[in-house]
Visitor: 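Before I ask anything, let me first share the structure, which is written out below as structure tokens.
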4 protein chains.
Amino acid sequence: MDGFKRRRELKKSHILQAALTLFMDFGVQKVSIKEIATKANVSQVTIYNYFESKNNLVHEVIKHYISETWWEFESLFDNDLPFPEKIKKLIFAKTETAQHINSNFYNVIMKEYSAGISYIEELYQKKAIPKMMELFEEGKREGYVDPDLSNESILMYFHIFKEAMQREDIYNKILPMTEDIMKILFYGIIGKGDHPN
Amino acid sequence: MDGFKRRRELKKSHILQAALTLFMDFGVQKVSIKEIATKANVSQVTIYNYFESKNNLVHEVIKHYISETWWEFESLFDNDLPFPEKIKKLIFAKTETAQHINSNFYNVIMKEYSAGISYIEELYQKKAIPKMMELFEEGKREGYVDPDLSNESILMYFHIFKEAMQREDIYNKILPMTEDIMKILFYGIIGKGDHPN
Amino acid sequence: MDGFKRRRELKKSHILQAALTLFMDFGVQKVSIKEIATKANVSQVTIYNYFESKNNLVHEVIKHYISETWWEFESLFDNDLPFPEKIKKLIFAKTETAQHINSNFYNVIMKEYSAGISYIEELYQKKAIPKMMELFEEGKREGYVDPDLSNESILMYFHIFKEAMQREDIYNKILPMTEDIMKILFYGIIGKGDHPN
Amino acid sequence: MDGFKRRRELKKSHILQAALTLFMDFGVQKVSIKEIATKANVSQVTIYNYFESKNNLVHEVIKHYISETWWEFESLFDNDLPFPEKIKKLIFAKTETAQHINSNFYNVIMKEYSAGISYIEELYQKKAIPKMMELFEEGKREGYVDPDLSNESILMYFHIFKEAMQREDIYNKILPMTEDIMKILFYGIIGKGDHPN
DNA sequence: AATGAATGAGGGTTCATTCAT
DNA sequence: GATGAATGAACCCTCATTCAT
């Protein structure tokens with residue numbers, strides 16, 4: 001990549017980062033192109049030159065965000081922790097990028113996702129889900145996961161949790177309860193003791 | 001209440017209902033006062049006469065919505081079902097009002113809530129939470145809930161689920177997995193069988 | 001029509017007139033909503049309240065213009081002048097409305113017309129053309145028009161002239177040549193004298 | 001002309017051609033410098049380097065267009081057809097360049113012309129008009145044109161026609177009526193028969 | 001009390017043009 | 001000499017809100 005292209009990419013990256021920060025703080029709709037331009041120290045038109053429209057900028061920001069997030073997610077698996085610790089980390093690890101995400105921005109991402117935007121879909125289907133499935137299988141092998149449960153159910157279950165953790169308010173409330181929550185997760189609300197039936 | 005006041009209340013109610021419907025479908029930001037006025041068959045100014053500002057209207061709509069939702073929530077407890085059935089109903093019952101709620105509107109409500117808006121806070125603290133706590137105690141007495149778990153943790157746990165269920169996409173995906181999800185909820189991912197430790 | 005409606009119509013008419021004047025002078029594209037608003041002494045938004053979009057305003061201005069023009073056109077027939085005088089008047093009469101029309105505006109009107117916009121089309125097909133045809137028939141009866149010529153051809157022929165007359169530059173150049181032009185129109189370039197073949 | 005200059009002229013010509021095509025299709029106002037640059041495979045700035053401003057580019061394009069058109073016009077006279085055939089050809093010949101010209105572009109040219117832009121004016125005054133005058137004189141000599149008519153009047157008359165023919169809609173409507181139109185042109189609407197007075 | 005009319009502020013977007021390499 | 005990058009100004013349009021009747 002020559003100097004021209006590199007500088008272009010750098011500036012694009014600046015704009016993306018500025019937009020990402022603003023979107024995460026205030027949501028997509030509340031942030032105007034003007035604000036992004038100001039924060040990125042460029043003119044509005046420059047943004048249009050690079051991204052063509054606000055909609056497109058939003059797409060690119062999401063891609064940017066998703067791929068950054070992805071690396072952090074993937075790194076969670078790069079260790080030899082025992083299964084329960086992996087799970088704990090997976091749910092409670094505060095990823096650098098993902099925290100403090102404005103709910104509007106979050107919803108926009110979800111809308112993209114459920115609209116089947118290929119980039120996210122592919123990353124999720126081809127990489128994230130298989131990684132999780134593999135983890136569940138490991139848990140089943142080691143006796144930590146009931147082999148009768150379908151991986152899909154467990155995935156949904158985790159998904160719901162992981163998502164809730166992204167919300168700052170919930171995260172803060174739940175942090176002091178980590179142990180209890182982990183217990184419920186593993187042993188259910190009944191606990192490991194004797195069961196009524 | 002004399003005729004004047006009654007008509008006034010009726011009109012207010014019309015406006016609230018119109019606004020609620022639109023907010024639930026499209027979110028708060030995407031709905032303009034003009035649209036609400038049109039749907040409610042009044043002029044924009046009438047809305048201002050009654051509600052002073054859009055922000056205030058939103059507050060009132062949320063109050064309206066929360067109280068409607070509350071009756072449905074309360075009614076979930078009016079039965080003699082065994083504990084597990086109550087839980088299932090609690091999580092999976094599609095309340096009439098709450099379903100299909102636009103995520104933007106949902107977030108606005110949540111923001112109100114976490115901002116400590118008194119009305120919601122009070123309803124939640126003084127009515128909803130005690131009702132839930134009572135339920136958990138019942139579960140503990142009957143051996144369905146581990147007595148070592150704090151009620152607060154269980155509450156959070158349920159909260160996360162109940163909230164996820166409000167989202168149409170998640171609800172639809174999870175419905176076919178009801179049994180698995182309930183199993184995880186009660187027995188954890190380990191299941192009721194022998195435990196590794 | 002009550003006072004409200006009357007005032008509304010009056011204001012609408014103001015805006016239409018302002019827009020018409022500007023369009024005729026500078027063309028549609030060169031005139032901004034802001035300019036129209038300033039000239040009509042209203043805010044831009046008022047124009048949008050009345051006309052919804054610039055496109056729509058243009059439509060309405062054209063309708064307004066066409067109907068005004070129509071009365072003047074129709075009045076040209078309300079007389080007992082001999083056929084040749086009628087023709088002369090028809091071609092050279094400077095209608096109050098039609099003169100000084102900016103060519104861009106003219107083209108926009110023509111585009112509307114050829115797009116088959118119903119209002120203009122109908123006026124033209126059902127009223128203007130029959131009126132002209134009738135005139136040609138009169139001319140044929142009185143020996144002023146060759147009965148072998150199709151009315152359609154004559155219509156086209158006149159149409160071309162009448163249109164050219166609308167253009168200020170042409171009109172001014174042609175005015176001193178009125179007699180010659182009329183002669184050509186009636187007797188052709190060959191003139192009434194003996195013909196070569 | 002050395003290689004540098006030749007390449008420069010080639011590029012200029014490319015740009016002119018690209019601009020001309022676009023102007024003829026969409027009009028001057030609707031075509032942006034960016035589009036021209038893209039079509040000509042140069043950068044926007046190159047256009048500015050060569051033509052200084054859009055206005056100036058438009059001038060140059062018109063000059064380019066006029067001179068191309070001129071050759072075609074001139075060639076119409078290079079034959080030994082009898083007078084009536086020459087006239088017919090003159091009016092109905094669809095020149096290669098001139099056809100399908102967007103009306104906006106046409107008007108811009110006309111504005112240039114009536115503004116007395118020297119290049120066009122000169123070509124017109126010194127070349128086109130004399131050529132036409134010569135033709136009329138020929139017609140007069142051969143008895144096809146009434147010697148009492150001033151050449152200026154006939155010129156205007158033809159001008160109006162020729163112009164109308166440039167418009168696609170009119171051209172298409174008039175083509176099937178060629179014979180009638182030619183008859184009117186030569187013998188007037190009265191025709192060659194006996195005259196009423 | 002209710003409403004039609006009106007608006008200032010701001011949003012996304014486009015364009016002709018200039019800067020800087 | 002040629003270009004990618006950048007921009008101020010303007011445009012159409014929307015919205016929450018106020019005015020005037």
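Each chain gets a letter, A, B and so on, in the order its sequence line appears, and its residues count up from 1. Atoms considered below: every heavy atom in the structure, side chains included; atoms not considered: hydrogens, waters and symmetry mates.
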Visitor: Both atom distances under 3.5 Å, Watson-Crick or G-U wobble: I'd like the secondary structure of DNA chain E as a dot-bracket string, with | for pairs made across strands.
Guide: .||||||||||||||||||||

Visitor: With a cut-off of less than 4.0 Å, is there a side-chain N or O of R8(A) near OP1 or OP2 of dA5(F)?
Guide: yes

Visitor: With a cut-off of under 6.0 Å to the ring centre and 45° to the axis, is K30(D) in cation-pi contact with F23(D)?
Guide: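 K30(D) over F23(D) ring: no.
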
Visitor: Can you confirm whether or not the ring centre of Y65(B) sits under 6.0 Å from the ring centre of F105(B)?
Guide: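 Yes - the distance between ring centres of Y65(B) and F105(B) falls below the 6.0 Å cut-off.
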
Visitor: For E35(B) and S32(B), indicate whether the former's side chain and the latter's backbone hold a donor-acceptor pair under 3.5 Å.
Guide: yes

Visitor: Does V28(A) offer a backbone N or O that forms a donor-acceptor pair with the side chain of K54(A) under 3.5 Å?
Guide: yes

Visitor: Whole angstrom is fine here: how far is it from CG in L10(C) over to P in dG4(E)?
Guide: 19 Å

Visitor: Would you mind telling me which residue lines up with the more 5' stretch of DNA chain E, Q44(B) or K30(D), judged by nearest nucleotide?
Guide: Q44(B)

Visitor: Taking the nucleotide of DNA chain F with the closest heavy atom to each, which residue, V45(A) or E35(B), is nearer the 5' end?
Guide: V45(A)

Visitor: Expressed as a whole number of angstroms, how long is the span from I36(C):CD1 to dC12(F):C1'?
Guide: 11 Å

Visitor: Donor-acceptor pair, distance only, cut-off 3.5 Å: does the side chain of T46(D) make one with the backbone of V42(D)?
Guide: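 No; zero donor-acceptor contacts below 3.5 Å.
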
Visitor: Test side-chain hydrogen bond (donor to acceptor under 3.5 Å, both in side chains) on E68(A) and H64(A) and set out the steps.
Guide: CA-CA 6 Å; E68(A) 272 198 25; H64(A) 177 71; 3.3 Å; yes

Visitor: Can you check the I15(B) CD1 to dA1(E) C1' distance for me, whole Å?
Guide: 12 Å

Visitor: From the list dA6(E), dA2(F), dA16(F), which nucleotide is the closest neighbour of the side chain of Y50(D)?
Guide: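 The answer is dA2(F).
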
Visitor: Just how far, in rounded Å, is P of dA16(E) from NZ of K34(D)?
Guide: 11 Å

Visitor: Reading DNA chain E from 5' onward, which residue's closest nucleotide shows up sooner: E52(D) or S32(A)?
Guide: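 Nearer the 5' end of the strand: S32(A).
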
Visitor: Could you tell me whether a side-chain N or O of T21(A) sits under 3.5 Å from a main-chain N or O of Q17(A), the two making a donor and an acceptor?
Guide: yes

Visitor: Rounded to whole angstroms, how far apart are NZ on K12(C) and C1' on dA5(E)?
Guide: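 Taking atom C1' of dA5(E) as the reference, NZ of K12(C) is at 14 Å.
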
Visitor: Rounded to whole Å, please give me the gap between CD in Q29(C) and P in dC12(F).
Guide: 10 Å

Visitor: Calculate the interatomic distance between F51(D) atom CZ and dA16(E) atom C1'; express it in whole Å.
Guide: 16 Å

Visitor: S43(B) side chain: which of dA16(E), dG4(E), dA2(F) is closest?
Guide: dG4(E)

Visitor: Identify whether any heavy atom of T46(B) sits under 4.0 Å from a base atom; if not, whether one sits that close to sugar-phosphate; answer base, sugar-phosphate or nothing.
Guide: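 Base: the residue T46(B), judged by heavy atoms under 4.0 Å, touches a nucleobase.
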
Visitor: Is there a donor and acceptor pair closer than 3.5 Å between the side chain of N49(A) and the base of dA5(F)?
Guide: no

Visitor: Please state how far atom OH in Y48(B) lies from atom P in dA16(F), giving the value in whole angstrom units.
Guide: 6 Å

